[in-house]
Amino acid sequence: MAFKTINGNVVHYELIGEAKAKNLIVFSNGLGTDFRIWLPLFDELGDDVSVLLYDSRGHGLSGGADKPFGMADLVSDLAGLCDELGIRKATFCGLSVGGLVCQGLWQERPDLFRKLILCDTAPRIGTAEIWAERIAGIEKNGLESAADSSMARWFTPAFHEDRADELAGYRVMMMRQSLSGYLSTCAALRDTDFSDVLPTITVPTLFVVGDQDGSTPPATVEAGSKLVPGARFEVIDDCAHIPSVEQPEALADLIQGFMRKQVN
Ligand SMILES: O=C(O)CC1=CCC(=O)O1
């Protein structure tokens, strides 16, 4: 457990391995989650990679939820954390809004990138109306009112049936997030469209999506992948929005294969 103050807010992170390692992967979490969503993946990735995990602003043990924030802040936090830890280059892997943060980081700091892995994400997620509705609903009825629909998007019916304890745990994870941090992140999603950024990406890029993803369905993710020159697109079977939890072995296989491919 480690903390740094970045942009005036505390950021919770964990660096496993070396900041300067060639095989460093930096993971960015999705809305309503914290960096623990990546932990099941590590049992599968083993010692093959060095890893930086962090909780995005207003999530997990990271601060900054006391004031409204947007995508530029989320991107600046990640850039600041990398600089503070002496990371010169890494592979960035983002889930959902974490994938948007990685796209924004490419726009601001392409020098940091070796490769890019975009999980269950797109240049634009949902529509402004959908996010405005979600914000209004939660402001009126609380985060709890969004929990069941979120779990239905995050995990397949089979996961709901066979892995009830984990489902209950991830529901608690969502409920434990700061309300204002969750709402600011929804506003960041409402206001972000990186469609013009994706065609500028010049590092090797892998897009991954669960076949039953209810938040960023395969067709949406595939359309995003077509905007990135030479990007690979892969679908994970029997999986919804969070492959690192639902199908960690399949995600690890894809990541390991992608990391092994030589660059430059
Ligand atoms: O719909 C959800 O709650 C899932 C999600 C959308 C953006 C994100 O980061 O997670």
Side-chain angles (χ1 to χ4, degrees), residues 27-38 53-60 62 65 69-71 73-75 77-78 92-105 117-139 141-156 159-160 167 169-195 207-221 223-224 236 239-246 251:
F27 289 92
S28 186
N29 58 286
L31 173 69
T33 71
D34 59 46
F35 77 42
R36 288 172 290 189
I37 57 164
W38 301 109
L53 304 168
Y54 78 104
D55 292 336
S56 61
R57 194 184 288 209
H59 282 69
S62 290
F69 58 83
M71 184 54 65
D73 300 303
L74 295 170
V75 170
D77 290 347
L78 179 52
F92 289 85
C93 177
L95 174 84
S96 203
V97 71
L100 283 167
V101 173
C102 294
Q103 294 167 53
L105 187 68
I117 302 167
L118 294 172
C119 295
D120 303 76
T121 190
R124 168 153 202 68
I125 298 177
T127 62
E129 293 70 36
I130 284 173
W131 290 110
E133 252 174 55
R134 194 182 302 188
I135 291 167
I138 292 172
E139 280 173 343
N141 302 311
L143 202 47
E144 176 78 35
S145 66
D148 288 344
S149 57
S150 295
M151 294 309 116
R153 287 187 299 272
W154 287 10
F155 300 116
T156 62
F159 188 97
H160 281 244
L167 179 72
Y170 286 102
R171 196 177 195 283
V172 171
M173 180 185 277
M174 178 180 166
M175 290 306 100
R176 291 278 163 87
Q177 303 308 323
S178 134
L179 175 63
S180 54
Y182 187 97
L183 290 173
S184 276
T185 306
C186 288
L189 281 151
R190 179 195 63 202
D191 299 339
T192 300
D193 184 350
F194 284 134
S195 299
F207 282 80
V208 178
V209 65
D211 63 345
Q212 297 169 53
D213 187 337
S215 296
T216 50
T220 302
V221 179
I236 295 181
C239 187
H241 190 58
I242 313 187
S244 58
V245 170
E246 191 155 11
L251 181 59

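Every number for a ligand or one of its atoms is a count from 1 in the order of the listing. The first residue in the sequence is number 1, and the count goes up from there.
Note that CZ of F155 and NE2 of H241 are 9.5 Å apart. Values are rounded to the nearest 0.5 Å. Here the OG atom belonging to S56 is positioned 8.5 Å from the CG atom belonging to D77, to the nearest 0.5 angstrom. Here the straight-line distance linking atom OG1 of T185 with atom NE2 of H59 works out to 4.5 Å at 0.5 Å rounding.
Below 4.0 Å from some heavy atom of H241 lie the following atoms of ligand 1, by number and element: 4 (C), 5 (C), 10 (O). Atoms of ligand 1 lying under 4.0 Å from any heavy atom of L31, numbered from 1 in the order shown and given with element: 8 (C), 9 (O), 10 (O). Of all atoms in ligand 1, listed by their number and element, those nearer than 4.0 Å to a heavy atom of S215 are 1 (O), 2 (C), 4 (C).
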Check against salt bridge (Lys or Arg N to Asp or Glu O under 4.0 Å), R134 and E139: CA-CA 8 Å; R134 194 182 302 188; E139 280 173 343; over 6 Å; no

message: Pair S28, Y54 - check side-chain hydrogen bond (donor to acceptor under 3.5 Å, both in side chains), show working.
response: CA-CA 7 Å; S28 186; Y54 78 104; 2.9 Å; yes

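Counting heavy atoms of neighbouring residues, nucleotides and ligands inside a 6.0 Å radius, atom CZ of R171 exceeds 12 of them.
The residue T185 has no part lying near ligand 1, judged by heavy-atom distances below 4.0 Å.
Minimum interatomic distance between V221 and T121 (heavy atoms only, all atoms of both residues): CG2-O, 3.4 Å.
Residue R134 has at least one N or O atom closer than 3.5 Å to an N or O atom of ligand 1. Between V97 and ligand 1, a contact under 3.5 Å exists for at least one N or O pair. Ligand 1 has no nitrogen or oxygen under 3.5 angstrom from a nitrogen or oxygen of W131. Taking any N or O of G30, backbone or side chain, none lies under 3.5 Å from an N or O belonging to ligand 1.
The shortest contact between atom 8 (C) of ligand 1 and any protein heavy atom is with S96 OG, 2.6 Å.
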